[in-house]
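Bear in mind that the values here come from a model prediction, so they are computed numbers and not experimental data.
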Amino acid sequence: MDTITLAVVSAGLSQPSSTRLLADRLSDAVRAGLAEAGREVRIEHVELRELAHPIADNLVTGFPGQALRDAIETVTGADAVIAVTPIFSASYSGLFKSFFDVLEQGALTGKPALLGATGGTARHSLALDHALRPLFAYLRAAVVPTAVFAASEDWASAEQNGLGQHIDRAAQELAAVLLRQPARTRRPDAFADVVPFEQRLAALKLP
């Protein structure tokens with residue numbers, strides 16, 4: 001059987017990051033669920049903190065650099081996406097939104113997705129339904145029913161306060177979806193035939 005590939009997108013800004021911690025907990029739980037069914041899993045991380053400048057450059061120029069191209073290929077070519085963002089001002093972070101803005105239209109259509117978010121207090125959990133779900137509905141991803149929010153206080157006793165149970169339930173839902181469908185073939189590189197800007201200028205042979 002083909003290896004199932006999970007693209008794990010984390011938009012945490014600090015190191016260490018509770019957003020990356022939640023992303024790791026979710027991906028580990030999905031991997032464990034698939035392993036019980038005898039499926040191999042490859043996890044590919046996309047750390048948006050490291051792509052902040054390439055994302056900004058792409059928004060201005062319309063051309064992604066190599067690092068951003070690799071990240072886009074990782075996400076669009078994966079069998080499923082786990083996407084986790086910190087919550088700022090009752091919504092996803094600007095960096096998180098900007099990354100998904102640079103994807104081709106339709107790139108996530110039908111792709112299974114698990115959503116997660118982190119924030120200072122439990123009040124921010126409303127952003128999962130008011131911000132993240134509408135975004136991924138617009139992108140036409142197939143989002144699993146359970147999304148996971150982790151407030152700062154949840155990490156002190158994750159198993160007692162229900163965070164661990166939410167992670168397990170969301171992971172089981174994504175694993176169940178992936179077990180019902182074959183692994184996807186990776187999408188071709190959409191930028192393979194793009195001529196670099198320098199070559200276009202040279203071809204003009206300007207005096």
- Item | Contacts of Gln172 that satisfy side chain to side chain contact (heavy atoms under 4.5 Å, CB included) - sequence neighbours left out |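 With sequence neighbours excluded, Gln172 shows a side chain to side chain contact (heavy atoms under 4.5 Å, CB included) to Asp168, given in chain and number order.
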
- Return the set of residues passing side chain to side chain contact (heavy atoms under 4.5 Å, CB included) with Ala71 (not counting sequence neighbours), or none when no residue passes.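 Per chain and number, Ala71 pairs via side chain to side chain contact (heavy atoms under 4.5 Å, CB included) with Val46, Leu51, Phe99.
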
- Message: Listing request: all ring pair (Phe, Tyr, Trp, His ring centres under 6.0 Å) pairs with a residue in residues 78-98, at least two apart in sequence or in separate chains.
- Response: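 Qualifying pairs: Phe96-Phe100.
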
Kindly give the heavy-atom pair with the smallest separation between [X] and [Y], and that separation in Å.
| X | Y | answer |
| --- | --- | --- |
| Arg25 | Gly164 | NH2-CA, 4.0 Å |
| Arg39 | Asp2 | NH2-O, 2.9 Å |
| Leu178 | Ala80 | CD2-CB, 3.8 Å |
| His45 | Ile43 | NE2-CG2, 3.7 Å |
| Val8 | Ser27 | CG2-CB, 3.8 Å |

Hydrophobic cluster identity match, [X] and [Y], side-chain contacts under 4.5 Å:
| X | Y | value |
| --- | --- | --- |
| Val60 | Phe63 | no |
| Leu59 | Val75 | yes |
| Leu126 | Phe136 | no |

- Partners meeting side chain to side chain donor-acceptor pair (under 3.5 Å) with Asp24 (sequence neighbours left out):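 So Asp24 forms a side chain to side chain donor-acceptor pair (under 3.5 Å) with Arg20.
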
- Item | Residues that Asp101 engages under side chain to side chain donor-acceptor pair (under 3.5 Å), provided they are two or more places apart |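 Only Lys97 meet the side chain to side chain donor-acceptor pair (under 3.5 Å) criterion with Asp101.
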
[X] side-chain N/O to [Y] backbone N/O, donor-acceptor pair under 3.5 Å:
| X | Y | result |
| --- | --- | --- |
| Ser93 | Thr85 | no |
| Arg133 | Leu128 | no |
| Thr74 | Asp70 | yes |
| Glu44 | Ala78 | no |

- Message: I need the full list of side chain to side chain donor-acceptor pair (under 3.5 Å) pairs touching residues 113-128, with sequence neighbours left out, sorted by first then second residue.
- Response: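 Side chain to side chain donor-acceptor pair (under 3.5 Å) check on residues 113-128 returns Thr19-Thr118.
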
- Task: Could you check Leu6, Val41, Thr5 and say which one makes a side-chain contact (heavy atoms from CB on, under 4.5 Å) with Asp79?
- Result: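 One option only clears the test, and that one is Thr5.
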
